[in-house]
Amino acid sequence: MINITLPDGSVRQYNQGVTSFEIAQSISEGLARNVLAAKVNGSVWDITRPINEDATVQLLTWNDEEGKNTFWHSSAHLMAEALEELYPGVKFGIGPPVENGFYYDVDLGEQSFSQDEFAKVEQKMLELARTKNEFVRREVSKAEAVDYFTQKGDEYKLDLIKDLEDGTITFYTQGNFVDLCRGPHLPNTSSIKAVKLMNVAGAYWRGDESKKQLTRIYGVTFPKQKELTEYLERLEEAKKRDHRKLGKELELFAFSEKVGMGLPLWLPKGTLLRERLEQFMRKAQVKAGYQPVVTPHIGSKELYVTSGHYEKYGADSFQPIKTPNENEEFLLKPMNCPHHCEIYKTRPRSYKELPVRFAEFGTVYRYEQSGELHGLTRVRGFTQDDAHIFCRPDQVKEEFIKVIDLVLYVFKALGFEDYTAQISLRDPENKTKYIGTDEVWEKAESAIIEAAAEKGLRTVTELGEAAFYGPKLDFMVKDALGRKWQLGTIQVDYNLPERFQLEYIGADNAKHRPVMIHRAPFGSLERFVAVLIEHCGGNFPLWLSPEQFAILPISEKYHDFAQEVYNKLEEEDIRGFVDNRDEKIGRKIRDAEVRKVPFMLVVGEKEQENNAVSVRRHGEGDLGSMTVDEYIKMFKSKIAETLNK
RNA sequence: GCCUCCAUAGCUCAGCUGGUAGAGCAACUGACUUGUAAUCAGUAGGUCGUUGGUUCGAUUCCGACUGGGGGCUCCA
């Protein structure tokens with residue numbers, strides 16, 4: 001007999017060789033029906049694999065990440081089996097589960113594969129699933145594995161086997177399909193009831209551009225048809241929040257082929273939104289001790305040779321602009337830091353005045369590969385809410401805390417709650433690729449870690465993700481489709497102070513090198529607005545709304561009164577418009593609702609008599625009538641609520 | 001950049017197997033003077049992304065180009 005410890009701490013006795021499935025059966029029939037995989041002593045196993053010694057066992061179902069992954073991993077094999085039947089000679093790369101489903105990288109040789117063939121593959125998968133083929137695990141020697149795939153002629157699997165240790169290799173077989181696989185898998189294919197291939201894409205073998213490009217087929221499967229239907233509906237919902245769609249509908253920004261790809265045009269309403277964000281940040285930054293500066297959009301090539309950016313990015317960047325006569329070379333500004341370094345250098349600095357903080361909404365241009373562009377989140381010209389802090393090494397932690405405070409203030413004012421912070425440190429195994437001494441790195445790294453901890457941030461730490469010039473802290477948020485975007489960033493830099501020979505005079509009357517901190521709470525205005533649009537589905541916080549009210553006169557007779565109300569609101573810096581079209585009130589309300597205007601102010605005979613407005617809130621409906629002054633008061637208190645915590 | 005899909009009116013889209021195009025909304029004009037999510041009628045608007053080719057004939061088929069979407073980290 002062996003002892004099996006379950007997650008609740010209870011210990012049960014079973015015969016040696018018991019399977020997780022049998023354990024599930026002994027607990028309840030329902031659990032036995034739903035169990036997909038099991039975590040045995042911390043590693044995920046097939047539920048049909050015998051357990052031969054005392055172990056802790058956690059049974060995994062569809063509700064567990066690992067259970068789902070097992071389901072999708074098996075689905076990837078099922079798809080591979082279907083592909084092999086339909087496209088003889090197909091070779092396989094890798095086929096893992098991913099966040100929403102799975103994919104398999106395949107080499108179809110001369111055969112092409114497009115979306116038109118999805119239905120055929122889906123049919124075949126369902127047909128194979130119904131045969132209830134078992135997934136059979138088998139340990140094989142490296143020689144046998146090599147032998148099998150040599151015979152099959154699958155060079156990708158051979159490439160994978162090459163890196164595996166003999167004695168750790170397993171095959172999984174279901175039906176006629178044999179795959180090199182660590183597992184685990186479902187007991188059999190029959191629980192895969194709903195299948196949908198999502199899309200097809202190219203992917204380089206092992207993510208290496210120099211290697212062959214395989215066809216990556218994405219799919220998703222579910223144990224029930226209903227779950228697939230719901231999943232597809234959720235996707236549709238998410239699409240409605242897409243910032244590119246809403247940006248067009250709400251007339252915030254646009255792109256033009258003539259202007260060039262990746263170069264956003266900000267429309268009047270988008271500009272209003274953007275300016276509000278800028279104002280908000282300016283105010284917060286002045287309070288936090290930043291000094292605004294302005295620098296030009298180009299800089300001489302020398303500037304970037306000094307900063308090192310020319311060497312690193314020069315070749316695959318927008319190329320230098322030349323003056324016609326002197327042949328001087330200028331670069332479009334790809335970042336603001338070198339300019340700010342030169343501002344720092346305009347006069348000697350004393351340790352007493354540090355830290356100095358230069359802030360600029362600097363528009364920069366970077367050459368992104370055409371396939372990397374995406375709406376407003378990845379563009380070729382964008383404006384950073386940039387600032388550079390020059391401080392003494394002993395001030396790094398304090399400055400970090402202040403910047404984190406600023407970022408958190410911004411996130412709070414804009415309703416971002418679901419974010420994570422990533423601390424990127426250097427790779428301890430490979431310290432040589434970083435500039436700066438061990439001592440300053442250790443100091444800065446611990447400063448970041450302590451600052452994040454003191455602020456109670458939810459963090460993940462990534463070793464080796466630091467820039468070569470210093471460690472950093474990034475804030476990540478998810479968009480409507482679950483894709484992760486980096487917003488705010490705080491980076492320590494030892495490189496530029498060195499390259500620009502920045503100095504300050506210390507208390508000892510000697511020259512010292514300051515530490516530079518780059519930081520951008522929004523990241524870029526463009527990306528921030530994009531994520532904000534998706535985050536709030538186009539219903540911006542009241543203070544940011546480009547159109548905060550719409551005055552809707554019942555008929556032409558009340559246009560004068562409407563204008564009166566409008567003027568009064570404008571004086572109070574509340575923005576909106578009067579809808580004086582010859583339309584019925586119902587129509588005006590509908591249009592304002594569609595435009596996501598937060599407040600609709602209906603004015604007619606009653607309102608004119610009482611100097612009042614009939615207030616309707618977007619998405620909520622009629623709030624009743626109030627005087628214009630009362631409305632202004634209510635409006636302002638609502639804004640104060642969000643902005644002053 | 002590479003793989004793949006897409007490109008028709010300002011917007012959203014229809015147009016079967018090749019015979020030079022339609023709808024709804026928006027715009028414009030007129031009537032209606034309106035009380036909480038679409039008043040009615042009329043008018044105008046397209047070199048069917050660009051460019052080669054096949055064809056008697058191409059929005060439709062093939063190629064190239066341009067632009068856009070999805071993907072190119074997630075180690076069997």
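Any value given below was found using the heavy atoms of this structure, including those in side chains, with hydrogens, waters and symmetry copies removed.
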Whole Å only: how far is the [atom1] atom of [X] from the [atom2] atom of [N]?
X: I585(A); N: rA38(B); atom1: CD1; atom2: C1'; result: 13 Å
X: L265(A); N: rG68(B); atom1: CG; atom2: P; result: 12 Å
X: Y103(A); N: rG71(B); atom1: OH; atom2: P; result: 13 Å
X: I94(A); N: rU73(B); atom1: CD1; atom2: P; result: 10 Å
X: R595(A); N: rA37(B); atom1: CZ; atom2: P; result: 18 Å
X: E583(A); N: rG35(B); atom1: CD; atom2: P; result: 13 Å
X: D159(A); N: rC75(B); atom1: CG; atom2: P; result: 16 Å
X: L197(A); N: rG71(B); atom1: CG; atom2: C1'; result: 15 Å

Q. Would you call K162(A) and D159(A) a salt bridge, using N to O less than 4.0 angstrom?
A.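 A salt bridge is present here (some side-chain N lies under 4.0 Å from a carboxylate O).
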Q. Got a salt bridge between R595(A) and D579(A), using NZ or NE/NH1/NH2 to carboxylate O under 4.0 Å?
A.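 Result for this pair is no, no salt bridge flagged.
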Between [N] and [X], counting only base atoms on the nucleotide and side-chain atoms on the residue, is there a donor-acceptor pair under 3.5 Å?
X: E556(A); N: rU33(B); answer: yes
X: N199(A); N: rC5(B); answer: no
X: R590(A); N: rA38(B); answer: yes
X: E251(A); N: rG10(B); answer: no

Distance between the [atom1] atoms of [N] and [M], in whole angstroms?
N: rG15(B); M: rC6(B); atom1: P; answer: 14 Å
N: rC48(B); M: rG19(B); atom1: C1'; answer: 16 Å
N: rC5(B); M: rA9(B); atom1: C1'; answer: 24 Å
N: rU55(B); M: rU12(B); atom1: P; answer: 37 Å
N: rU54(B); M: rG63(B); atom1: P; answer: 15 Å
N: rU34(B); M: rA44(B); atom1: P; answer: 32 Å
N: rC2(B); M: rG45(B); atom1: C1'; answer: 40 Å
N: rG49(B); M: rU8(B); atom1: C1'; answer: 10 Å

Would you indicate which nucleotide in [options] comes nearest to any side-chain atom of [X]?
X: R216(A); options: rA37(B), rC74(B), rC75(B); answer: rC74(B)
X: R244(A); options: rG68(B), rG69(B), rG35(B); answer: rG69(B)
X: S555(A); options: rC75(B), rC72(B), rU33(B); answer: rU33(B)
X: V602(A); options: rU39(B), rU36(B), rU34(B); answer: rU36(B)
X: S614(A); options: rU33(B), rG70(B), rG35(B); answer: rG35(B)
X: K557(A); options: rU34(B), rG70(B), rU36(B); answer: rU34(B)
X: Y218(A); options: rG71(B), rA37(B), rU12(B); answer: rG71(B)
X: D582(A); options: rC72(B), rC32(B), rU36(B); answer: rC32(B)
X: E257(A); options: rG35(B), rU39(B), rU66(B); answer: rU66(B)

[X] near the nucleic acid: base, sugar-phosphate alone, or nothing, with a heavy-atom cut-off under 4.0 Å?
X: L552(A); value: nothing
X: T168(A); value: base
X: G586(A); value: sugar-phosphate
X: K157(A); value: sugar-phosphate
X: K248(A); value: sugar-phosphate

Q: Quick one: list whatever passes salt bridge (Lys or Arg N to Asp or Glu O under 4.0 Å) with E249(A), sequence neighbours left out.
A: K245(A)
Quick one: look up who [N] pairs with, Watson-Crick or G-U, both distances under 3.5 Å, and put none if it's unpaired.
N: rC61(B); answer: rG53(B)
N: rC25(B); answer: rG10(B)
N: rU73(B); answer: none
N: rU17(B); answer: none

Q | Worked verdict on R138(A) versus E144(A) for salt bridge (charged side-chain N to carboxylate O under 4.0 Å, His left out) | A | CA-CA 11 Å; R138(A) 191 161 69 87; E144(A) 188 186 341; 3.0 Å; yes
Q) Do other residues, nucleotides or ligands put more than 12 heavy atoms under 6.0 Å from the CD atom of E134(A)? A) no
Q | Residue whose nearest RNA chain B nucleotide is more 5′ - T215(A) or G260(A) | A |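 Nearer the 5' end of the strand: T215(A).
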Q) Between L214(A) and I589(A), who's closer to the 5' end of RNA chain B by nearest nucleotide? A) L214(A)
Q.
Parallel, tilted or perpendicular: which one describes the rings of Y231(A) and F222(A), with boundaries at 30° and 60°?
A. tilted
Q. What class does the angle between the rings of H73(A) and H185(A) fall in, given that below 30° is parallel, 30 to 60° is tilted and above 60° is perpendicular?
A. tilted
Q: Check whether NZ of the Lys or CZ of the Arg R216(A) lies under 6.0 Å from the centre of the six-membered ring of Y104(A) and within 45 degrees of that ring's axis.
A: no
Q) With a 4.5 Å heavy-atom cut-off, do T189(A) and S74(A) have their side chains touching? A) no
Q | Phosphate OP1/OP2 of rG70(B) contacted by H374(A) side-chain N/O (<4.0 Å) | A |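 True: H374(A) side-chain N/O within range (under 4.0 Å) of rG70(B) OP1/OP2.
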